[in-house]
Trainee: 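My structure is below; once you've seen it, I'll send some questions.
The basis for the numbers below is simple: all heavy atoms, side chains too, and nothing from hydrogens, waters or symmetry mates.
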Amino acid sequence: MTLSQKIIAIGGGKFGLGEGPVDVIPICREIIRLSGKKHPQILFIPTASYDRLASVEMIKRLFVRRLNCRLDTLYLLKAKPSQREMKEKILGSDVIFVGGGNTLLMINRWKKLGVDKVLSEARLSGKVLCGPSAGAICWFRQGNSDSRKFRNPKAKLIKVTGLGFVDALACPHYDVEKDRKPELKEMMKKTPGVAIAIDNCAAFEVVGAKARVIASKPGANAYRVYWSGGKYYRVKIEKGRGWSPLADLIFP
């Protein structure tokens, strides 16, 4: 049932929202390549950023003006689309790109509206599912999330339940946010299995039952993080070795 899945979970990076030059172009080109289309139809879902127009404009500049794709947007907070409209937009696209932001709010909204079920259909029909930060966490069983910090900047990172397409916990921004490493270590003490910790400018790519790490900068990596026998492990997933069985990367 998972042979058609295509997922690119991006740790983070600069996408053009007043934060300096875009630094994820090679990863974005891989998203396009994976779609099998020269000019794919991309659906942007900005729920995690509260449907902000600035986020939509950022993705439009990147994928339409720079990479010559076609773009549509699915608003789920500013609007409450019908099941038919959601299905048509999601299943009519080649790529579903989920923006970053408040993962907990996003997942709760999706489940309330039934978006999670439509995304499951999209996965099985071979759509490319991708995005940074919240847009990476959502495809995994769980995620290391800063959702509480949107109301309280001093709040700790929390474990958020995702859609479960990849049976692991995802941790984005692993190299650039100082609380990610120590809090992920503590979180994994109480979490069975493996976390995939992803640096900015790196992505965990899954196609069917295979996976690999790609990056838009040489120093960007992803790691397998887990506890076993009372010992903590952080193992870098080597880039450039081609594909590995997904099961080998998500189980200790």
Trainee: Parallel, tilted or perpendicular: which fits the ring planes of Y233 and Y226, with parallel below 30° and perpendicular above 60°?
Mentor: parallel
Trainee: Would you compute the distance between atom CG of N144 and atom NZ of K156 and round it to the nearest 0.5 angstrom?
Mentor: 11.0 Å
Trainee: Can the ring centroids of F44 and F63 be said to lie less than 6.0 angstrom from one another?
Mentor: no
Trainee: Answer yes or no: are there more than 12 heavy-atom neighbours, outside K239 itself, under 6.0 Å from its atom NZ?
Mentor: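 Above 12, so yes.
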Trainee: With the 4.5 Å side-chain cut-off for hydrophobic clustering, are L105 and V160 part of the same group?
Mentor: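 No, separate clusters.
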Trainee: Measure the shortest side-chain to side-chain distance between I59 and T73 over non-hydrogen atoms and say whether it is less than 4.5 angstrom.
Mentor: no
Trainee: Looking at K78, I'd like to know if its NZ atom is crowded, meaning that more than 12 non-hydrogen atoms belonging to other residues, nucleotides or ligands lie closer than 6.0 Å.
Mentor: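 Enclosed.
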Trainee: What do the steps show when you test K60 against R65 for side chain to side chain contact (heavy atoms under 4.5 Å, CB included), and what is the final call?
Mentor: CA-CA 7 Å; K60 185 182 295 185; R65 298 174 194 168; 4.0 Å; yes
Trainee: Quick one: CG on L74 to CG on L43, what's the gap to the nearest 0.5 Å?
Mentor: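 Rounded to the nearest 0.5 Å, the CG-CG separation comes to 5.5 Å.
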Trainee: Looking only at non-hydrogen atoms, find the nearest pair between A220 and A215 and report the distance.
Mentor: O-CB, 3.7 Å
Trainee: Taking all heavy atoms of K149 and all of A155, pick out the closest pair and write down the distance.
Mentor: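 Heavy atoms only, the tightest pair is NZ-O, 2.6 Å.
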Trainee: How far apart are the C-alpha atoms of V213 and I196, what are their side-chain angles, what is the distance that settles it, and do they pass the side chain to side chain contact (heavy atoms under 4.5 Å, CB included) test?
Mentor: CA-CA 10 Å; V213 174; I196 302 297; over 6 Å; no
Trainee: Taking the side chain as everything from C-beta on, heavy atoms only, tell me whether R70 gets closer than 4.5 Å to D94.
Mentor: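 In contact.
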Trainee: Is the backbone N or O of S93 less than 3.5 Å from a side-chain atom of K127, with the two atoms forming a donor-acceptor pair by type?
Mentor: yes
Trainee: Compare all side-chain heavy atoms of W243 with those of E205 and state whether any distance is below 4.5 angstrom.
Mentor: yes
Trainee: Going hydrophobic residue to hydrophobic residue with side-chain gaps under 4.5 angstrom, can you get from L163 over to F204?
Mentor: yes
Trainee: Look at the side chain of S133 and the backbone N and O of G100, then say whether any donor-acceptor pair between them is shorter than 3.5 Å.
Mentor: no
Trainee: Any idea which heavy atoms bring L76 and M86 closest together, and the distance?
Mentor: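 Closest approach of L76 to M86: CD2-SD, 4.0 Å.
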Trainee: Establish whether V176 and L157 are linked, either directly or via other cluster members, by ILVMFWY side-chain heavy-atom contacts under 4.5 Å.
Mentor: no
Trainee: Got a salt bridge between E85 and K80, using NZ or NE/NH1/NH2 to carboxylate O under 4.0 Å?
Mentor: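 Looking at E85 and K80, the cut-off is not met.
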Trainee: Are E88 and R84 ion-paired here, with the side-chain N under 4.0 Å from a carboxylate O?
Mentor: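 Result for this pair is yes, salt bridge flagged.
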Trainee: Write down the atom of N200, the atom of G11, and the distance for their closest heavy-atom approach.
Mentor: OD1-O, 3.4 Å
Trainee: Which atom names give the shortest non-hydrogen contact between A122 and I96, and what distance separates them?
Mentor: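 Result for this residue pair: CB-CD1, 4.2 Å.
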Trainee: Given R180, which of D146, D199, D175 fulfils the salt bridge (charged side-chain N to carboxylate O under 4.0 Å, His left out) condition?
Mentor: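 Looking at D146, D199, D175, the match for R180 under the salt bridge (charged side-chain N to carboxylate O under 4.0 Å, His left out) is D146.
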Trainee: So how far is it from I137 CD1 to L169 CG, rounded to the nearest 0.5 Å?
Mentor: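 If I round to the nearest 0.5 Å, the distance is 8.0 Å.
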Trainee: Identify the two heavy atoms, one from F150 and one from G101, that lie closest to each other, and give their separation to 0.1 Å.
Mentor: CZ-C, 3.4 Å
Trainee: Applying side chain to side chain contact (heavy atoms under 4.5 Å, CB included), run through W110 and I107 and close with a yes or a no.
Mentor: CA-CA 5 Å; W110 285 2; I107 293 292; 4.0 Å; yes
